[in-house]
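Below is one structure; the comments refer to it alone.
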Amino acid sequence: MEILLNKRKETIDKDEITLAELIEYKKFTFKLLVTKVNGQLVKKNVRSESIIRDGDEVDVLHMISGG
Amino acid sequence: MTTEEIRERLADKVVGIAGCGGLGSNCAVALARTGIGKLILVDDDKLEASNLNRQYFFADQIGEFKSLALRDNIRRIDDTIIVETHIVRLDPDLVTELFADCDLIVEAFDQDNEKQMIIETVLGDMPDKSIISGQGLAGFGNNESIKTQRLGNLFIVGDGETEVSEKQPPLAPRVAVVANMQANLVLELLLNTE
C-alpha cells in the first residue's frame with residue numbers, strides 16, 4: 001500500500017498496519033510524538049488501535065524540548 | 001491595514017500563552033506591543049538567573065513568579081492590555097478550563113511531555129481552537145532551517161529537530177526568532193479572519 005507520511009509518499013509492503021506498528025517500522029527517534037491520521041488526532045494511548053490503510057495521510061510530529 | 005486598524009481589530013482578541021519562558025515571554029511581549037486585547041499567562045516557575053540569557057525578564061526580577069513578572073513587564077510597555085495570570089502547572093483539565101475563552105493558544109513550554117499534553121488536549125478536546133507550537137530552537141545560526149508547518153488547526157514553528165542539551169543550549173536570538181514567528185502567526189490568523 002501507499003500512504004502519505006509527513007507529506008511524502010511512502011510504500012509499505014502490507015495491506016494495513018497499525019499506527020503504532022508504523023512508528024516502530026519507521027524507527028522515529030524522538031520519544032514523544034503527536035500523531036494525526038487523515039487530519040484527525042490519534043492520541044498516544046490509542047495508536048495500536050488506529051489502522052492505516054492504502055491512501056491514508058499520516059502525520060507524525062516530534063515533540064522537541066526547548067522553550 | 002494601518003497600525004491603528006490592526007490595534008482596533010486586536011482589541012477584543014484573547015491569546016493564551018502556555019509557559020512564560022523563552023518562547024512565552026518573547027511572544028507575549030511582541031503581541032503586547034502590537035496591541036492584543038488580552039493575554040492569559042500560565043506558568044508555575046520562578047525566574048532564575050540562568051533564564052536571563054533568553055527570556056524577557058530583568059535581573060531584579062530573579063525569584064519572582066514568571067507569569068507575574070511578565071505581567072509587570074507588559075504593563076510597563078502598555079498598561080491598557082488586560083493580563084490574566086495563573087501560577088499553576090497545566091494539565092488537560094486546566095488547559096480546557098483556563099483557555100476556554102481564547103481565540104488562539106500559544107504552546108511555549110520547555111519540556112517535550114508538556115508540549116505533547118497540550119497539543120493532544122487542544123486538538124482532541126478543543127477542536128475549534130488553533131494552537132501554535134514551538135519545536136526546535138536550540139543553538140545558534142542556521143536561520144534557514146526555521147519554518148512553519150501547517151496541519152489543520154495545529155501550527156508548528158521551529159527547525160523541527162534541534163533539542164536543547166548541554167552542548168546545544170537555548171540562546172536569545174534563535175529562541176526569540178521562534179517566539180516572534182509564533183507571534184507573527186498569531187497576527188496572521190487573527191487579522192486574516194475578517
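Everything numeric in this text was worked out from a predicted model, so none of it was measured. What's counted below: heavy atoms across the whole structure, side chains too, no hydrogens, waters or symmetry copies.
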Pair Lys7(A), Gln149(B) - check side-chain hydrogen bond (donor to acceptor under 3.5 Å, both in side chains), show working.
CA-CA 11 Å; Lys7(A) 316 286 179 217; Gln149(B) 282 176 268; over 6 Å; no
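Heavy atoms closer than 4.5 Å to chain B are found in the backbone of Leu33(A), but not in its side chain. Contact of Asn51(B) with chain A is not made at all, since no heavy-atom distance falls under 4.5 Å. The contact between Thr162(B) and chain A is made entirely by backbone atoms, counting heavy-atom distances below 4.5 Å. Looking at Lys43(A), the atoms closer than 4.5 Å to chain B (heavy atoms on both sides) sit in the backbone and in the side chain alike. In this structure, the portion of Lys31(A) lying under 4.5 Å from any heavy atom of chain B is its side chain and not its backbone. The contact between Leu137(B) and chain A is made entirely by side chain atoms (from C-beta outward), counting heavy-atom distances below 4.5 Å.
Screening residues 154-193 of chain B for ring-ring contact (aromatic ring centres under 6.0 Å, His included), with sequence neighbours left out, gives no hits.
Residues Arg89(B) and Asp44(B) are paired through a salt bridge, judged by an N-O separation under 4.0 Å between the basic side chain and the carboxylate.
Side-chain atoms of Ser65(A) come within 3.5 Å of backbone N or O of Asp112(B) as a donor-acceptor pair. A donor-acceptor pair under 3.5 Å links the side-chain atoms of Glu107(B) to the main chain of Phe109(B), judged by distance alone.
Per-residue counts of heavy-atom pairs under 4.5 Å with chain A were compared for Gly152(B), Pro170(B), Gly136(B); the largest is that of Gly136(B). Of the listed residues Ile119(B), Val175(B), Leu154(B), the one with more heavy-atom pairs under 4.5 angstrom with chain A than any other is Ile119(B).
Criterion: ILVMFWY side-chain heavy atoms under 4.5 Å apart, direct or through other members. Under it, Ile12(A) and Val37(A) are part of a common hydrophobic cluster.
Side-chain contact, Gln135(B) with Ser133(B): a donor N or O sits under 3.5 Å from an acceptor N or O. The closest side-chain donor-acceptor pair between Ser145(B) and Arg174(B) falls under 3.5 angstrom.
For the side-chain contact (heavy atoms from CB on, under 4.5 Å) test with Val15(B), the passing option among Leu10(B), Leu187(B), Ile132(B), Ile36(B) is Ile36(B); the others fail.
Scanning residues 56-63 of chain B against chain A with a 4.5 Å non-hydrogen threshold yields no residues.
Distance OG/Ser48(A) to CD/Glu24(A): 12.0 Å, rounded to 0.5 Å.
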